[in-house]
Protein chains: 2
Amino acid sequence: MARKTGSHSKITGPRIRTAALTLFARHGYAAVSMRQIAKEVGVQAGALYLYTQDKQSLLFDLMKSHMDELFEALEQLPPVDDPSSELDAFARFHIAFHIERPEAVFVAYMELRNLEPENFTKIEEMRRRYEARLEDIVKRGVEAGAFTVADSKLATMALIAMLTGVNTWYRADGRMSQQEVADIYAQMAMNAVGASV
Amino acid sequence: MARKTGSHSKITGPRIRTAALTLFARHGYAAVSMRQIAKEVGVQAGALYLYTQDKQSLLFDLMKSHMDELFEALEQLPPVDDPSSELDAFARFHIAFHIERPEAVFVAYMELRNLEPENFTKIEEMRRRYEARLEDIVKRGVEAGAFTVADSKLATMALIAMLTGVNTWYRADGRMSQQEVADIYAQMAMNAVGASV
DNA sequence: GTCTATAATATGATAGAC
DNA sequence: GTCTATCATATTATAGAC
């Protein structure tokens, strides 16, 4: 496996992805040109096509990787017994995961409409699956008499929106630590479904 | 004030705004061309510039109008005495207002990053003012002993995110009426801040 | 693996005819 | 008030040199 002079395939690929993620998050997919991405990486525009089939693939791969990471991390959650502990753990997990990668979260949500139909379907399906995980917890809590909600589906959507909303205002250099934020939001999530803590 | 044949200034202006709003919501500001908007309206691209200074003004005017309408509607809310009733009324107002104009809400949030700096500042200031109205309610509720929250600012952000989240899934032809949704969400909002209903 | 050059096309905005 | 034509520029993506 001889390496040619000037070859950087192991490093350039990830740098392109990082630059694209940052630029897409800041200006939006449609507003960012391949030349901007190339400039950020320090290569010419043509070189990008050695690492991605086209601009759309670049976006899709970023969103797909984000969702893959989300599920991978979710599987690491230690199992707990009662629904209240489950919801508490999920809330804390969701906040920790999302707060740590604001750009990816932003792109995953904001750029859905810029995905071509079949790519959109794939990402939507993954998002649906993730929400179903939370809905399961809510439903089990209701069945066990631990939660009081008028509608499990609506409660699930309300919880997801509330928890993900942290990303709109949280700053690492703000007045609160990630831990404090997670504590407070987990409590509000529990309250929202009428759980006693 | 003679009117020339073929003059439609009274009707074309609003139609341009409507078309732009729909297209911006569906595809994003950066992805929509002036020619697309013109085609939707049924005029040539050049004619758009009789009604808007440029593409950026078109976006800003849409967002500004949306925020103006929001405040106008908020002022119509009948005053109530206790903080619990105030929060209940605000939650119902917020959902009703946002659920009725999904495109404007979507654009107002998603296209913030495509506003030029001074336009961005103006819209952000209005958004901040709206959030402050809710924060006031939360704070008064805490002082009155009606709510139990760890932090008023975080509770406010959590409530706004939860309530606005309705727009991500609500469809007029769905299984629930707007009234049912408002009832359920208002209840969850009250729960979240530990209010007894 | 990266560059330069370029094809093919789209863009925002304006000028001038009607 | 609207249209056609156009300017000046930017876009994605590819071909071929090194």
Side-chain angles (χ1 to χ4, degrees), chain A residues 1-21 23-24 26-63 107 111 113-119, chain B residues 1-21 23-24 26-63 107 111 113-119:
Chain A
M1 293 237 233
R3 192 88 63 80
K4 288 180 197 161
T5 319
S7 165
H8 302 290
S9 70
K10 283 291 181 324
I11 187 82
T12 304
R15 290 189 60 214
I16 289 172
R17 292 167 52 87
T18 303
L21 181 65
L23 288 170
F24 289 167
R26 195 166 320 171
H27 307 293
Y29 172 76
V32 172
S33 70
M34 294 299 266
R35 281 171 179 77
Q36 271 178 278
I37 298 170
K39 188 176 179 183
E40 187 78 11
V41 175
V43 297
Q44 291 297 314
L48 297 182
Y49 292 88
L50 292 166
Y51 300 93
T52 184
Q53 206 194 329
D54 51 23
K55 196 185 172 191
Q56 171 72 200
S57 298
L58 196 46
L59 175 63
F60 175 69
D61 290 345
L62 288 171
M63 293 175 71
V107 168
E111 304 301 349
R113 63 187 172 185
N114 284 311
L115 287 174
E116 286 164 10
E118 69 186 302
N119 288 338
Chain B
M1 289 233 237
R3 192 88 65 81
K4 288 180 198 161
T5 317
S7 165
H8 301 290
S9 70
K10 282 289 182 323
I11 186 82
T12 304
R15 290 190 60 214
I16 288 171
R17 290 167 53 86
T18 303
L21 181 64
L23 288 169
F24 289 168
R26 196 166 319 172
H27 308 293
Y29 172 77
V32 172
S33 70
M34 294 299 266
R35 282 168 179 78
Q36 271 179 275
I37 298 169
K39 188 177 177 183
E40 188 78 10
V41 174
V43 296
Q44 292 296 314
L48 297 182
Y49 291 88
L50 294 166
Y51 301 93
T52 185
Q53 206 193 332
D54 52 22
K55 197 185 172 191
Q56 171 73 198
S57 299
L58 196 46
L59 175 63
F60 174 69
D61 290 345
L62 288 171
M63 293 175 71
V107 169
E111 304 301 349
R113 64 187 171 184
N114 284 310
L115 288 175
E116 286 164 10
E118 69 185 301
N119 289 338

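Just so you know, these numbers come straight off a predicted model, no measurement behind them. All values below come from the heavy atoms of this structure, side chains included, with hydrogens, waters and symmetry mates left out. Chain letters run A, B, ... following the sequence lines, proteins first and then strands; every chain starts at 1.
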Does D/dT4 have OP1 or OP2 sitting under 4.0 Å from an N or O in the side chain of B/Q44?
-> yes

Between D/dA13, C/dG12, C/dC3, which nucleotide has the shortest distance from any of its atoms to the side chain of B/M34?
-> C/dG12

To the nearest Å, give me how far apart NZ (B/K39) and P (C/dA10) are.
-> 12 Å

Is there a side-chain contact between B/Q56 and B/N114 (heavy atoms, below 4.5 Å)?
-> no

Report the residue (A/A31 or A/A45) whose heavy-atom-nearest nucleotide on DNA chain D is the more 5′ of the two.
-> A/A31

Check every atom of D/dA13, D/dG1, C/dT2 against the side chain of B/Y51 and return the nucleotide holding the closest atom.
-> D/dG1

CG of B/D54 versus P of C/dT11: gap in Å, rounded?
-> 17 Å

Taking the side chain as every heavy atom from C-beta outward, state whether A/L59 and A/N119 have any atom pair closer than 4.5 Å.
-> no

Once you round it to whole Å, what is the distance between P of D/dT4 and CG of B/L48?
-> 14 Å

In whole angstrom, give the distance that lies between atom CZ of B/R35 and atom P of D/dC3.
-> 14 Å

Side-chain N or O of B/T12 closer than 4.0 Å to phosphate OP1/OP2 of D/dT2 = yes

Atom CD of B/Q53 and atom P of C/dT14: how far apart are they, to the nearest Å?
-> 9 Å

Whole angstrom is fine here: how far is it from CD in B/Q36 over to C1' in C/dT11?
-> 11 Å

Taking the side chain as C-beta and beyond, is there a heavy-atom pair between B/F60 and B/E116 under 4.5 Å?
-> no

The side chain of A/A47 lies closest to which of these nucleotides: D/dT14, C/dT2, C/dA13?
-> C/dT2

Could you check how far CD1 of B/I11 sits from C1' of D/dT2, rounded to whole Å?
-> 16 Å

Find out whether B/V41 and B/T18 are in side-chain contact, i.e. whether some heavy atom of one side chain is under 4.5 Å from a heavy atom of the other.
-> no

Check every atom of D/dG1, D/dA13, C/dG12 against the side chain of B/L50 and return the nucleotide holding the closest atom.
-> D/dG1

Within this structure, what is the CG-to-P distance between A/L58 and D/dT11, rounded to whole angstrom?
-> 16 Å

Give a yes/no on whether any side-chain N or O of B/S33 is located under 4.0 angstrom from OP1 or OP2 of C/dT11.
-> yes

When all nucleic acid strands are considered with a 4.0 Å heavy-atom cut-off, which category describes A/V32: base, sugar-phosphate, or nothing?
-> sugar-phosphate

Taking C-beta and beyond as the side chain, do A/V32 and A/E40 meet within less than 4.5 Å on heavy atoms?
-> no

